[in-house]
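This report refers to the structure that appears directly beneath it.
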Amino acid sequence: MTGEHGIRRPGRVLTALICALTAAGLYGCSGTDRREPAPTPTPTSPAPTSPVPAGHSPFTGLPARTGPVLAVKIDNAAAARPHTGLGAADLVYVEQVEGGATRIMAVYSSRLPDRVGPVRSARESDIELLAQFDHPALAYSGSQTALKPLLEAAPLEALPQATAPGAYVRGDTRPAPHNLYLLPARALAAAPDAGPAKDIGFRFGPTPGGGTPVNERTVRYPAARYTFTWSAPDRAWRVAMDGAPARSTDSGPLKPSTIVIQHVDIRASRFHDFLGSVSPYTVSVGGGTALVLRDGRAYEARWSRPAAASGTTFTTPTGTPLTFAAGQIWVLLAPENAPGSAP
């Protein structure tokens, strides 16, 4: 699906954007849609459009005692897998970085695992993406020198390794830089002003009517791919990264309940890595098209986020709120002109 949308640019956050992404169209979302009978029945009851009730997480829709929001930048190179602590995340974002590879941002509030990682560096896009969480903590290994002032001025609690060394440990089974791990409880102790979980626009409810039965969907980046396969016994999606089943060392196979393929504008920033590769900037404010996978079905959707401090809402093409299945949610930030993503 191809979407056209206007982007509102908050002054401080997006001043670093300088040129259009040259890699647009090099990757996208494709998959095998096996048009079989739906693996689960489609209820006809109307979906609620109000926020989750008290005592439930606004990130997962599940009953939970939520705490401060902690976001962690996680390495996703092959040498960094399997991950640790990823199964406990409420939300998992996938972002493009240099060379067409991807990094993961895991967001925690309902549960804190003992350890998360491997942890890697922050990017400028993280600032805009996290603004909707209202002052979360952000744990990362470090950043480019020129990016540090932006992170320090952002509405978040910055927790690089240099600032909170007691919250990080090195593993002894992998070489650096793929062996840095965060101790989440210590990280939050170093960020007493981290804000609590709040409504960021997600809505939860019974399986909506319509949609298309789908057993498998692959999202491709220039140097990475993610495949989601519906598992009816688990009532969840099994995740594969670059063709290999994905798991967390402490909790086993990754099994999110809802997958959101959110088409966004990805541009070049003024930052680059030590090899000179330009860092992409993922624009998460504005609006566009999306594909939502839940309960073995695919739903065309539109997303809207009017300002950096606003949450992100997802609706059907006709404007009806599109509900997610309760549980862990993955949001893959893909290019807005990604081909092959329609059900």
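Keep in mind that the numbers below use all heavy atoms, side chains included, and drop hydrogens, waters and symmetry copies.
Salt bridge status for Asp172 with Arg170: absent, with no side-chain N to carboxylate O gap under 4.0 Å. Salt-bridge formation is not detected for the pair Asp75/Arg81: no Lys NZ or Arg NE/NH1/NH2 atom is positioned less than 4.0 Å from an Asp or Glu carboxylate oxygen.
Atom CZ of Arg186 sits in a sparse spot, with 12 or fewer heavy atoms from other residues, nucleotides or ligands closer than 6.0 Å. Taking a 6.0 Å sphere around CG of Asp114, one finds it holds 12 or fewer heavy atoms contributed by other residues, nucleotides or ligands.
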*Does the pair Tyr140 and Leu151 meet the rule for a side chain to side chain contact (heavy atoms under 4.5 Å, CB included), with working shown?*
CA-CA 11 Å; Tyr140 54 100; Leu151 288 164; 3.6 Å; yes
*Start with the C-alpha distance between Asp250 and Thr84, add both sets of side-chain angles, then the distance that settles side-chain hydrogen bond (donor to acceptor under 3.5 Å, both in side chains), and finish with yes or no.*
CA-CA 6 Å; Asp250 53 339; Thr84 296; 5.5 Å; no
*Could you walk me through whether His83 and Ser248 pass side-chain hydrogen bond (donor to acceptor under 3.5 Å, both in side chains), step by step?*
CA-CA 5 Å; His83 299 99; Ser248 189; over 6 Å; no
*Check the pair Thr207 / Asp295 against side chain to side chain contact (heavy atoms under 4.5 Å, CB included), numbers first and verdict last.*
CA-CA 7 Å; Thr207 307; Asp295 300 318; 2.5 Å; yes
_Worked check of side-chain hydrogen bond (donor to acceptor under 3.5 Å, both in side chains) between Ser141 and Gln161_ = CA-CA 5 Å; Ser141 61; Gln161 183 186 13; over 6 Å; no
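Ring planes of Phe204 and Phe324: perpendicular class, angle over 60° (limits at 30 and 60°).
Taking all atoms of both residues into account, the shortest heavy-atom contact from Ala326 to Ser257 is O-OG, 3.1 Å. Here the closest heavy-atom approach between residue Ser284 and residue Glu128 is recorded as N-OE2, 2.6 Å. Between Pro155 and Pro136 the shortest heavy-atom distance is O-CD, 3.7 Å. Considering all non-hydrogen atoms of both residues, Leu86 and Ala106 come closest at CD1-CB, 3.9 Å. Closest of all the heavy-atom pairs between Ala139 and Leu70 is CB-CD1, 4.3 Å. Closest of all the heavy-atom pairs between Gly87 and Gln328 is O-NE2, 3.5 Å.
Rounding to the nearest 0.5 Å gives a distance of 9.0 Å between OG1 of Thr227 and CG of Asp242. The distance from atom CE of Met105 to atom CG of Leu333, rounded to the nearest 0.5 Å, is 9.5 Å. In this structure, CG on Leu150 lies 5.0 Å from CD1 on Ile127, to the nearest 0.5 angstrom. Atoms CG and CD, from Asp193 and Glu157 in turn, are 5.0 Å apart once rounded to the nearest 0.5 Å.
Exactly one residue among Gln96, Glu98, Gln144 makes a side chain to side chain donor-acceptor pair (under 3.5 Å) with Arg123. That residue is Glu98. In summary, of the residues considered (Thr102, Ile261, Val94, Ile259), a side chain to side chain contact (heavy atoms under 4.5 Å, CB included) with Val219 occurs for Ile261 alone. Put simply, the residue from Trp230, Trp330, Tyr226, Phe228 that forms a ring pair (Phe, Tyr, Trp, His ring centres under 6.0 Å) with Trp237 is Trp230.
In this structure, Leu62 is not a member of the same hydrophobic cluster as Val331, with clusters built from ILVMFWY side-chain heavy atoms closer than 4.5 Å. Ile74 and Val97 fall into different hydrophobic clusters, where Ile, Leu, Val, Met, Phe, Trp and Tyr are joined by side-chain heavy atoms under 4.5 Å apart, directly or via other members. Cluster membership for Val69 and Leu183, using ILVMFWY side-chain heavy atoms within less than 4.5 angstrom, is not shared. Placement of Leu112 and Val72 within a single hydrophobic cluster is found when ILVMFWY residues are connected by side-chain heavy-atom separations under 4.5 Å, directly or transitively.
For Phe59 and Phe133, the distance between ring centers is under 6.0 angstrom.
Using a 4.5 Å heavy-atom cutoff, the side chains of Asp126 and Glu95 are in contact.
Between Asp90 and Thr60, the side chains place no donor N or O within less than 3.5 Å of an acceptor N or O (distance only, hydrogens not considered).
In this structure, Arg115 is positioned above the aromatic face of Tyr181, its NZ or CZ under 6.0 Å from the six-membered ring centre and within 45° of the axis.
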